[in-house]
There are 2 protein chains.
Amino acid sequence: MIFDETDKKLLERLQNDSKQTNKELSNALGLSVTAVYERIKKLEKEGYIDSYTAVINKRKINRNFVAFCHVKLLQHSQDFVVSFEKEVNGLNEVLECYHVSGDYDYLLKVIVKDMEAFREFMVKKLTTINHIGSTHSMFVINEVKQTNIIRF
Amino acid sequence: MIFDETDKKLLERLQNDSKQTNKELSNALGLSVTAVYERIKKLEKEGYIDSYTAVINKRKINRNFVAFCHVKLLQHSQDFVVSFEKEVNGLNEVLECYHVSGDYDYLLKVIVKDMEAFREFMVKKLTTINHIGSTHSMFVINEVKQTNIIRF
DNA sequence: GGTGAAAGATATTACAC
DNA sequence: GTGTAATATCTTTCACC
C-alpha cells in the first residue's frame, strides 16, 4: 500500500482530534471530502488506525497519582511468567506493563487516586500475586510530557 | 456536578470506541438518545473528556522499538530544569517524560524504529542536551499491557 | 490517484410530556 | 429523565476524470 506524506498529515490530525469532520480535514489538506474519506477508510482497513478513543482527564476522576513499579520475579519459568502477566492484565490500576531489560523483569505504570490508594494497591493487589520476588517504586512528581501522539 | 454510574459507563464506552453513535450508546445504556447526547456534552464541557484521538499502530508506521530512559541532571537549578524540560518537549521520539522520585530525576518513554535509531537518538539528540549528568536505558522486550483506558 | 453531486445516516436543537 | 419532529451536518455511494 502507498503510505505517503498526505497520509502522515492525516494521521497527525486524527491523533490530535478524531472528531474533525472530513470537510475540515479536506480544507486543511487541500483535498476533496471524498479523497479524505477514502484515505481514512484505507488507513482503518490496513490497520494504521487501531481505534478511536476519548481521552479522559485523570484529575477529574480522581486518578491523578502515577507511579512506576519495577517488579522482579522469583523464577522465570513459563508458568510463573504466564500467570504473572495474566494477573497484571486484570488489574485496573495497571495501565501499562512491559517486560524490560535490566535489573528488574517488569516495569508497570500504575494510576490510582493518591498515595494511600497506592499503598492499598501494593499491599492488597500487586504483592499478593504469586512468584513476585521484589518491587521498587518510583513516584511521578510532575508530568513534563504525556502524549500518545506520534509525529512524523 | 453530578457524576454517576451512568457517566462512568459512558466514559468507559467512549474510551473503548469514540466513534459509536449516540443511538448505539443509548441502546447499551438503556437511555434515550437525547439523554446520552446531553451527558456527553456535559462531560466535555466539565472537562472529564479532554479530547478525542485516533490510536495509531506503531508497527505499521515503523515505530515499534520502545525504551525507557532514566536521566539525571548535573545540577537542579531552575535554569537547568526548565531548559531540559523544554528541550525534551521538542523531541518527537519522547512521548512521555516524568519527573520522578528515586535515584534518577526523569523517566522518559522513547519510541523509535529500531535499536539503531535509538542509538542515533541517544547520541545525536538526548545526550546533546546541556546539563545532563547520566542516563540509563531499559529496553522493552514485550508489551504485556498497554492502554490508556481507565476503568472504574 | 483524484473530483463533485446526490442519497442516506447521524447529530443537534427544540419542544411537549 | 422520555419521545418526537425539524433541521443542519456529516458520511457514504456513485458516475466520472
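What you see is a predicted model, and the numbers here were worked out from it, not measured in a lab. Values below: every heavy atom of this structure, side chains too, minus hydrogens, waters and symmetry copies. Naming: A, B, ... by sequence-line order, numbering from 1 per chain.
Closest of all the heavy-atom pairs between B:Ser134 and B:Tyr104 is OG-CE2, 3.8 Å.
Taking atom OH of B:Tyr52 as the reference point, atom P of C:dA11 lies 11 Å away to the nearest angstrom. Taking atom CD1 on B:Ile40 and atom P on C:dT12, their separation rounds to 9 Å, with Å as the unit. The distance from atom NZ of A:Lys41 to atom C1' of D:dT11 is 8 Å, rounded to the nearest whole Å. Nucleotide C:dT10 holds its C1' atom 11 Å from the NZ atom of A:Lys19, rounded to whole Å. When rounded to the nearest whole Å, the span between CG of B:Asp4 and C1' of D:dG1 equals 12 Å. Whole-Å rounding puts the B:Leu10 CG to D:dG1 P distance at 11 Å. Note: CG (B:Asn22) to P (D:dG3) measures 14 Å, nearest angstrom. Rounded to an integer number of Å, the gap from CG of B:Leu25 to C1' of D:dG1 is 17 Å.
With respect to the salt-bridge test (charged N to carboxylate O, under 4.0 angstrom), the residues A:Glu44 and B:Lys19 do not qualify.
When distances are taken from the side chain of A:Leu31 to each of C:dA11, C:dG1, C:dG2, the shortest belongs to C:dG2. Each of C:dT12, C:dG2, C:dG1 was ranked by its minimum atom distance to the side chain of B:Tyr37; first place goes to C:dT12. For A:Lys23, the side-chain atoms get nearest to D:dC10 when compared with the rest of D:dC10, C:dT12, C:dT3. Of the candidate nucleotides C:dG1, D:dG1, C:dA11, C:dG1 has the atom nearest to the side chain of A:Ile2.
An OP1 or OP2 oxygen of C:dG2 is reached within less than 4.0 angstrom by no side-chain nitrogen or oxygen of A:Ser32. In this model, the phosphate group of C:dG1 is not approached by any side-chain N or O of A:Arg39 to a distance below 4.0 Å at OP1 or OP2.
Neither A:Ile141 nor B:Val81 shares a network with the other; the hydrophobic side chains, linked directly or stepwise wherever heavy atoms of I, L, V, M, F, W or Y lie under 4.5 Å apart, form separate groups for each.
Toward the 5′ end of DNA chain D lies the nearest nucleotide of A:Thr21, the other residue of the pair A:Thr21 and A:Glu38 mapping further downstream.
Of the inter-residue distances, the one linking A:Leu31 atom CG with A:Thr6 atom OG1 reads 6.0 Å to the nearest 0.5 angstrom.
The base of C:dG4 sits with one of its N or O atoms less than 3.5 Å from a complementary donor or acceptor on the side chain of A:Thr34.
No option in A:Phe84, A:Phe80, A:Tyr98, A:Phe68 other than A:Phe84 meets the ring-ring contact (aromatic ring centres under 6.0 Å, His included) test with A:Tyr106.
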